[in-house]
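To start, the structure itself, in structure tokens.
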Amino acid sequence: APNLEYRGEYFFIKDGQMGGSLYRQPSYSVGLVLTGTSSGLENKKDYEDNSRLVGLTERDGTLDAGAYFLHKSDAGRLKVTLLSEVTGKHNGQSADVNYVFDYKLKDWNINPIVGATWQSADAVDHFYGVSTAEANSNRSAYEGKSAVNLYAGLRGRYEINQNWDVSASAAYVHL
């Protein structure tokens with residue numbers, strides 16, 4: 001699927017996020033970000049025929065707002081993002097730290113990535129918890145606890161011209 005993005009001098013829309021830079025230097029920037037989070041259980045009609053999910057209530061998507069810090073070097077980019085849920089669905093927080101390496105292979109940009117994401121107990125419980133009313137003989141009640149997920153991935157990007165590129169990526173997440 002196409003991934004459209006916009007990168008202006010101070011405003012961006014990228015990877016399901018929008019935000020703005022508050023302070024920029026050549027090697028680092030600090031800014032604000034707004035992003036949505038979903039679970040795949042937003043609409044009961046999408047999963048009411050799945051016998052394993054029968055009885056689960058809908059999990060509303062949320063909006064998270066926060067701040068980011070980005071440090072650039074010749075080797076890659078370190079990014080730290082701190083978010084808090086702002087729609088009142090669960091009042092949880094999350095944090096992400098990742099490093100994207102920058103390599104060039106002929107006309108391709110190769111970007112290995114490593115990172116970790118932390119989610120508060122409120123966020124985990126909202127999206128993955130199982131209330132006693134939702135529990136059944138195949139599914140136990142579960143109250144979400146805070147969690148750290150580690151991930152690694154690889155992206156290849158080919159620039160067609162200044163405004164268009166083609167990319168492919170894959171990642172592994174350890175839950």
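We number each residue from 1, following the sequence as shown. Just so we're clear, the structure is a prediction, and the values are computed from it rather than from any experiment.
With rounding to the nearest 0.5 angstrom, the OG atom of S21 is 8.5 Å from the CZ atom of F12. With values rounded to the nearest 0.5 angstrom, Q25 atom CD is found 13.0 Å from L70 atom CG. Taken to the nearest 0.5 Å, the CG atom of N149 stands 5.0 Å off from the CG atom of L175. Within the model, atoms OH of Y28 and OG of S73 stand 15.0 Å from one another, a figure rounded to the nearest 0.5 Å. Distance check, rounded to the nearest 0.5 Å: CD of Q93 to OG of S84 gives 4.5 Å. Rounded to the nearest 0.5 angstrom, D125 CG and S146 OG are separated by 11.5 Å.
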task: Give the C-alpha distance, both sets of side-chain angles, the deciding distance and a yes or no for side-chain contact (heavy atoms from CB on, under 4.5 Å) between T62 and H90.
output: CA-CA 9 Å; T62 62; H90 63 71; 3.8 Å; yes
message: Quick one, R139 with L56, criterion side-chain contact (heavy atoms from CB on, under 4.5 Å). Give me CA distance, side-chain angles, the key distance, then yes/no.
response: CA-CA 10 Å; R139 183 177 50 240; L56 288 179; 3.6 Å; yes
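Considering every non-hydrogen atom in both Y68 and S29, the closest pair reads CE1-OG, 3.7 Å. Here the shortest heavy-atom pairing between L34 and A65 reads CD1-CB, 4.0 Å. Considering all non-hydrogen atoms of both residues, L82 and A95 come closest at CD2-CB, 3.7 Å. Among all heavy-atom pairs drawn from D122 and G92, the shortest one is CB-CA, 3.8 Å. The nearest pair of heavy atoms linking T81 to K79 is OG1-CE, 3.6 Å. The nearest pair of heavy atoms linking Y128 to Y142 is O-CD2, 3.6 Å.
Linking ILVMFWY side-chain heavy atoms closer than 4.5 Å, directly or via other members, places L150 and V100 in two distinct hydrophobic clusters. Follow the hydrophobic side-chain contacts under 4.5 Å out from L105 and you reach F101 in the same cluster. L78 and V30 sit in two unconnected hydrophobic clusters of ILVMFWY residues. Membership requires side-chain heavy atoms under 4.5 Å apart, directly or through other members. Under a hydrophobic clustering in which Ile, Leu, Val, Met, Phe, Trp and Tyr are joined whenever their side-chain heavy atoms come within less than 4.5 Å, directly or via other members, Y103 and V166 fall into the same cluster. Residues Y158 and L154 are members of one and the same hydrophobic cluster, defined by side-chain heavy-atom contacts under 4.5 angstrom among Ile, Leu, Val, Met, Phe, Trp and Tyr.
With respect to E159 and R157, a salt bridge is recorded, a charged nitrogen being found less than 4.0 Å from a carboxylate O. Under a 4.0 Å N-O distance rule, the pair R59/E134 qualifies as a salt bridge.
Stacking of K14 on the aromatic ring of Y6 is not recorded, the 6.0 Å distance cut-off and the 45° axial limit not both being met.
Listed by chain and residue number, N111 satisfy the side-chain hydrogen bond (donor to acceptor under 3.5 Å, both in side chains) test with R155 (two or more places apart in sequence, or in another chain). In this structure T35 satisfies the side-chain contact (heavy atoms from CB on, under 4.5 Å) test together with Q17, D64, L83, sequence neighbours excluded.
Side-chain contact between I13 and E5 is absent, with no heavy atoms from C-beta onward closer than 4.5 Å. Inter-residue side-chain proximity for Y172 and Y151 is flagged as unmet; no heavy-atom pair is nearer than 4.5 Å. Using a 4.5 Å heavy-atom threshold, the side chains of R77 and D102 count as touching. When side chains are defined from C-beta on, L41 counts as touching L53, because their heavy atoms get closer than 4.5 Å. Under the 4.5 Å side-chain criterion, counting only non-hydrogen atoms from C-beta, D165 is not in contact with I160. Side chains of I110 and P112 form a contact here, defined as non-hydrogen atoms less than 4.5 Å apart. Put simply, the side chain of H126 reaches to within 4.5 Å of the side chain of K89, judged on heavy atoms.
Within a 6.0 Å radius of CD in E58, other residues, nucleotides and ligands contribute more than 12 heavy atoms. For D74, the CG atom sits in a loose shell: 12 or fewer heavy atoms of surrounding residues, nucleotides or ligands are nearer than 6.0 Å. Counted within 6.0 Å of OH on Y99, heavy atoms from surrounding residues, nucleotides or ligands total more than 12; the atom is thus considered enclosed.
Counting side-chain heavy-atom gaps under 4.5 Å among Ile, Leu, Val, Met, Phe, Trp and Tyr, the cluster of L22 also holds L32.
At distances below 3.5 Å, not a single donor-acceptor pair connects side-chain atoms of Q162 with backbone N or O atoms of W164.
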